[in-house]
Number of protein chains: 2
Amino acid sequence: MNPDAGLRERKKAKTRAELTEAALRQFTERGFDETTVEDIVGACDVSPRTFFRYFDSKEDVVIGFFDDLGAELVELLAGRPPDEAPFAAARAAFESFADIYQERRNRVCAVSQLAYETPPIRARLLDKHARWENGLARELARRMQTDPETDPRPRLIAAVSLAAFSTAVRGWVADGGRGELSPLVSANLRAVENGLDRTSVPSA
Amino acid sequence: MNPDAGLRERKKAKTRAELTEAALRQFTERGFDETTVEDIVGACDVSPRTFFRYFDSKEDVVIGFFDDLGAELVELLAGRPPDEAPFAAARAAFESFADIYQERRNRVCAVSQLAYETPPIRARLLDKHARWENGLARELARRMQTDPETDPRPRLIAAVSLAAFSTAVRGWVADGGRGELSPLVSANLRAVENGLDRTSVPSA
DNA sequence: GGAAATGTGACAACCGCTGCCATTTCGCAT
DNA sequence: ATGCGAAATGGCAGCGGTTGTCACATTTCC
């Protein structure tokens, strides 16, 4: 926790972290619907009203974790050399992005598991992905020197590469996040890059 | 409305249709959050309690329209010749599926527009797509004679082809659903089929 | 130290949604 | 036609998520 910040900032960060942890723990133990906001705040000495000052909704406690990741993904893409072909650049960005997932394996797996069994959370997560897709499409359009509103190509590349990435993550999580994510991501994106009826994706 | 069915069935279908229409109209006029369930039932001489016997949630009135479409999509894929390559079969299925969208242009556009500006609805719609993806993956696995749980390929093809389709729909809807959807879908899926950094998608 | 900004708690209210039970309506056999 | 069982409905009470409001406490800054 940044010690330079004032007391106020530090306190806020602490409560936020406490709330997130308490919520995540109870959600996974008891289930999302079975855990009320009062249950969550009860473990943190905070009023229900304050909970909603930190999070827009109960779901946001879970999803909030993914909030900043979209920006990182776009930055990774923006950092690729300009002469790289668009999809190849996206693939490289996702390969690095996979490492971020790997680092936070526990959180990613916990949230994914939660999303798997809780429709509203799953829906929210998908919506978050859709926002990433927007960011990706915009950055790809910039890189391709085209208008993302009229030219469908950047959006298509964004959507398809993200789908390939998500599919890899899904498999990784289903396996308990044991192996390495990056190679799975790479394999999926290369398969798409080369045309799906041409290539054989390793079936392991 | 099927006249063979008893009075009961006909009545139910009628109420359901009325509720859907009233809801959709008010949602688009006044906004989703600004329209309460009481507003909806007020236009149909139905009690709020009964509304929730027809729909699981307020959102379901909007999304319900897409409920049966997933099954149709899977059937279209199942109807493709068995020797067709998997992605090519998916492409063909989506091309036909596009015609179903085109037939119901008004509904599709209205719901999409609503989804665009109403996060919870957008999320639900994405979740519905995710279910379609499951169905597609299963059917592709059957066709490829492989296990959808261990072999990532059918899921990858399902996810990617669906993403390409959805992107085409998005463009079509953004244009007011004026042109033909099927060619857009075909172009997107062919682009993916051939490898995204190789082909040029027509930028119109 | 004190004023101004900021975070918090308590209360009330709205709305989506559900369980429950009484009432009405329909389908069907007689 | 009639009456009986099944199915649909309405009304009510209640839970839980979410928001507005206002008074109070705490931190920041001068």
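Since we're looking at a predicted model, the values are computed, not measured. Note on naming: letters A, B, ... go to the chains in the order of the sequence lines (proteins, then strands), and numbering restarts at 1 for each one. As a basis for the values below, the full set of heavy atoms in this structure was taken, side chains included, without hydrogen atoms, waters or symmetry mates.
- B/Lys12 has its NZ atom 17 Å from the P atom of C/dT25, to the nearest Å.
- One finds a salt bridge joining B/Glu133 and B/Arg155 here, because a Lys/Arg side-chain nitrogen approaches an Asp/Glu carboxylate oxygen to under 4.0 Å.
- D/dG17 atom P lies 14 Å from atom CG of A/Asp60, rounded to whole Å.
- In this model, a donor atom of one side chain and an acceptor atom of the other lie less than 3.5 Å apart for A/Asp39 and A/Thr36.
- Considering CG of B/Leu76 and CD of B/Glu139, their distance stands at 11.0 Å, rounded to 0.5 Å.
- A salt bridge is absent between B/Glu18 and B/Lys12: the closest approach of a Lys/Arg side-chain nitrogen to an acidic carboxylate oxygen does not fall below 4.0 angstrom.
- Side-chain contact of B/Ser186 with B/Arg190: a donor-acceptor pair under 3.5 Å is present, judged by distance alone.
- Smallest separation of non-hydrogen atoms from A/Leu126 and B/Asp127: CD1-CA, 3.6 Å.
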Listed pairs, N/O of protein and of nucleotides 25-27 of chain D, under 3.5 Å:
from   : atom 1 : to      : atom 2 : distance (Å)
D/dT26 : O2     : A/Arg8  : NH2    : 2.9
D/dT27 : OP1    : A/Lys11 : NZ     : 3.2
D/dT27 : O2     : A/Arg8  : NH1    : 3.2

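- Rounding to whole angstrom units, CD of residue B/Glu59 and C1' of C/dC15 are separated by 13 Å.
- Nearest approach of B/Pro154 to B/Leu140, heavy atoms of both residues: O-CD1, 3.6 Å.
- Rounded to an integer number of Å, the gap from B/Lys14 NZ to C/dC26 C1' is 16 Å.
- Figure legend: B/Arg16 and B/Tyr54 shown without cation-pi pairing, the cationic atom not lying both under 6.0 angstrom from the six-membered ring centre and within 45 degrees of its axis.
- A heavy atom lying under 4.0 Å from DNA chain D marks the following residues of residues 36-56 of chain B, by number: B/Asp45, B/Val46, B/Ser47, B/Arg49, B/Thr50, B/Arg53, B/Tyr54.
- Regarding B/Ile121, its CD1 atom lies at a distance of 12 Å from the P atom of C/dG16, rounded to whole Å.
- A/Glu9 has its CD atom 10 Å from the P atom of D/dC29, to the nearest Å.
- Note: NZ (B/Lys58) to C1' (D/dG17) measures 14 Å, nearest angstrom.
- Between the P atom of C/dG7 and the CZ atom of A/Arg16 lies a distance of 13 Å, rounded to the nearest Å.
- Between B/Arg80 and B/Glu84 there is a salt bridge, with a side-chain nitrogen of the basic residue lying less than 4.0 Å from a carboxylate oxygen of the acidic one.
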